[in-house]
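Have a look at the structure below before the remarks.
Side chains included, hydrogens not; waters and symmetry mates left out as well; all remaining heavy atoms used. Nothing here was measured: the structure is a model prediction, and the numbers come from that model.
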Amino acid sequence: MARRTTQAAAVALAAALAGCSNKLPDAQPLVKRAALQSFTDCASLEDYIEDNAVLDMRSQLELQRDGYGGGWRGFGGPEKMAADAAAPNAAGGGKANSAAPSAYTTTNTQVAGVDEADFVKNDGTRIFVLSGNKLYSTLSWPASALALQGSLELEGHPREMFLDGDTVVVFSAVYQSYPLDSGNGGGAVGEAAEPGYIGSPWYGYTNATKVTVVDVSNLAQPVAARAWYLPGDYANSRRVGQSVRLVLRDNFRWPSAVKWWVDWEEGLENDQPKLRAKYDALIAQNESTIRSAALSDWLPEGKLTQPDGSQVTLPYACTDFAHVNAPTRNGLVTVATLDLNNPQPSLQRVSVVGEVGEIFASHTNLYVTNRHWWWWPAPGQADHTYLHKFDISQPDTTTYVASGGVAGHIVDQFSMDEDAAGFFRIATTTTSRVADVLNPLNTWGILETTNRVSVMGENAGELVLVGQTPEMAKGERIYSSRFVGTKGYVVTFKQVDPLFTIDLTNPQAPTVVGELKVPGFSSYIHPLGPNHLLTIGTYIPENSTNWQERALQLSIFDVSNFAAPVQTHNHLVGTASSWSEAAYDHRAFNHFPAKGLLAIPFFDWSYSAANYWDSFLSELRVFGVDAQAGFTVKGSLSLSDLYRDYGYNSWSWYWSPEVRRSVMADDYVYAISDAGIRVAHVGSLSTPLATVKFDGVSTKP
């Protein structure tokens, strides 16, 4: 193969790897001026992928060879360390023709006007749910006439969707036959053996994302109008107006001949020279295998299914790919843009060789993160996050703008935000690896943590640090954060929950203004008017060692005095075994300001000798929320009976009958699960008005 590498970093890497020497090159330091560098031709793209693959492979095997990776863990088995409403009308359905509710809730999003995909979408009169391998359409208004209208069976595992007028865009996990995946397709998700069966829930393998545009103008007959098959797993997405941005994570595909362990021999562990020779031979053999692959093996093409059912190939251009000028594991990050305003929408793609982390989107910019890769741990290292900014102001294209880096790592998307002036704020926990002075034999050292908020600005293609708070809560980690205008809130935790308030009025000098310590921690922070915060998290008594003293908690904080925040109300929900998806997924947290209500899914289990299924408690709990009065229990809308109706034979990793989402419209509350929808009046939650049941899912192999 003719080898041409134009990037300086790739040249240095290739030189260090040349000849498969017995010494791994030194880990590359943090890059202070991060940037994306485009490839000028296909040869340089292939060289970069293969050089990085060889480095990744060697770092894993040399850790085993030299005893750092657990030594004998790699022997004798395939441990792959590198992979880490109204009834239907006479026409058979349609939109509701009755008046819509005066107010209703939709998906809880981080930024107003920037929609986030979910498996439930509604517009006040219609509720759409992805359950199993179907899209269900229901007429939801008036509430007493809630009724199923139609459904559409979809290929693979439908995960999330957007609703835009009469168009639903569904993202599904599917399997496609790619050159380096040829051995993984048996019984894969998307190759349905019979209606309702989506492959083994534990062994199904997916390697691609299907984007299906569905016409739902007739609720009784949803129609798939167009579909794309794109390599990679669905990672995230955002919708601004009629423009959808899809972020794909395509994990690196290793050739099947690459091995991650040496063959076991009696006494090999005691013959170090022979053991090292075997590892060196395996490394050389793997490198030969990697470099013999073609670019089309590493980068399989996508497909477009036309309305008439015909398929066309979606070719790629090597110049549409870029890489980060910093160490990152192999993989592929693709941002695909779909303009729904186009009568014949097409996908525009931009791809980066590397890993993808969290994303944040404003109305005009998309930020994608990835972490520095140290290859192997050693004292002196600290984690570091690289940021890549893309312009999404044009509805049909996504354009790279700038990159930068910041010390530490983020917890979730709420660790990031962009203010009205375009400054980017990010809350990070920095984990540093330092020497273990008490145990010199611990060559990896020990970990220390600290936290801070940084402000970055764009300057000539670079995201530069313009301001930073002092370090906060050393020895702890950030559990949640939120930025609201010029104010920031950060929660760290170790034994108690310090809530920090941060003044971001001056981007060059962000300031920690106040701090409040309370037992437990908040995992999600929600603005409650201009001077209060509404949070959900876990209550843990200070210095407690008894896990049974824990409980789910709702809290209200008064931050009107920014220097002295106060927890004014706290409400414990359930017991130590209780759980709510709202504590870890903001889309399940349903605040309805128009009615002063909060709804969260609630799940618990307590042993019942009389009837096993009666031990499960799955319901939607509804509270009145007032900044001054606190919490008022309104009641619960239960779906526990669906456990008895469906039984565990219908459950899988992608289908479970517990309550997961909710919708509120005027004085009515809808509890939603994979098993169905139930609605009740908020004043009489124990007396449901209507229930819609969805099909169960067969999980038989």
Test side-chain contact (heavy atoms from CB on, under 4.5 Å) applied to [X] - qualifying residues, sequence neighbours left out:
X: A336; value: L230, L246, L347, R349
X: V566; value: T568
X: T450; value: T430, E471, K474
X: A629; value: D626

>> Distance alone, cut at 3.5 Å: any donor-acceptor contact between the side chains of N570 and Q553?
In response: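 Side chains of N570 and Q553: pair found under 3.5 Å.
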For [X], all residues meeting salt bridge (Lys or Arg N to Asp or Glu O under 4.0 Å), sequence neighbours excluded:
X: E458; result: K389
X: R433; result: none
X: E581; result: R660, R661

> Judged by atom type as modelled, is there a donor-acceptor pair below 3.5 Å linking the side chain of S243 to the main-chain atoms of P395?
Replying inline: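 Looks like yes, one N/O pair under 3.5 Å.
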Name all pairs fulfilling the salt bridge (Lys or Arg N to Asp or Glu O under 4.0 Å) condition that reach into [range], sequence neighbours left out, sorted by first residue then second.
range: residues 521-530; value: none
range: residues 352-372; value: R371-D383
range: residues 522-532; value: none

>> Pair Y386, H388 - check ring-ring contact (aromatic ring centres under 6.0 Å, His included), show working.
In response: CA-CA 7 Å; Y386 298 110; H388 310 292; 7.1 Å; no
> Looking at F562 versus Y489, is the centre-to-centre ring distance below 6.0 Å?
Replying inline: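 Between Y489 and F562, which both carry aromatic rings, the centre distance is below 6.0 Å.
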>> Test of understanding: with ring pair (Phe, Tyr, Trp, His ring centres under 6.0 Å), list the residues that count as partners of F602, not counting sequence neighbours.
In response: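 In terms of ring pair (Phe, Tyr, Trp, His ring centres under 6.0 Å), with neighbours along the sequence ignored, F602 is linked to no residue.
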In residues 416-428, what donor-acceptor pairs under 3.5 Å come from side-chain atoms, sequence neighbours left out?
from: D417; atom 1: OD2; to: R425; atom 2: NE; distance (Å): 3.3
from: D417; atom 1: OD2; to: R425; atom 2: NH2; distance (Å): 2.7
from: E418; atom 1: OE1; to: S362; atom 2: OG; distance (Å): 2.7
from: E418; atom 1: OE2; to: N365; atom 2: ND2; distance (Å): 3.0
from: E418; atom 1: OE2; to: Y367; atom 2: OH; distance (Å): 2.6
from: D419; atom 1: OD1; to: A421; atom 2: N; distance (Å): 3.0
from: D419; atom 1: OD1; to: G422; atom 2: N; distance (Å): 2.9
from: D419; atom 1: OD1; to: F423; atom 2: N; distance (Å): 2.8
from: R425; atom 1: NH1; to: G485; atom 2: O; distance (Å): 3.2
from: R425; atom 1: NH2; to: G485; atom 2: O; distance (Å): 2.8
from: T428; atom 1: OG1; to: A407; atom 2: O; distance (Å): 2.9

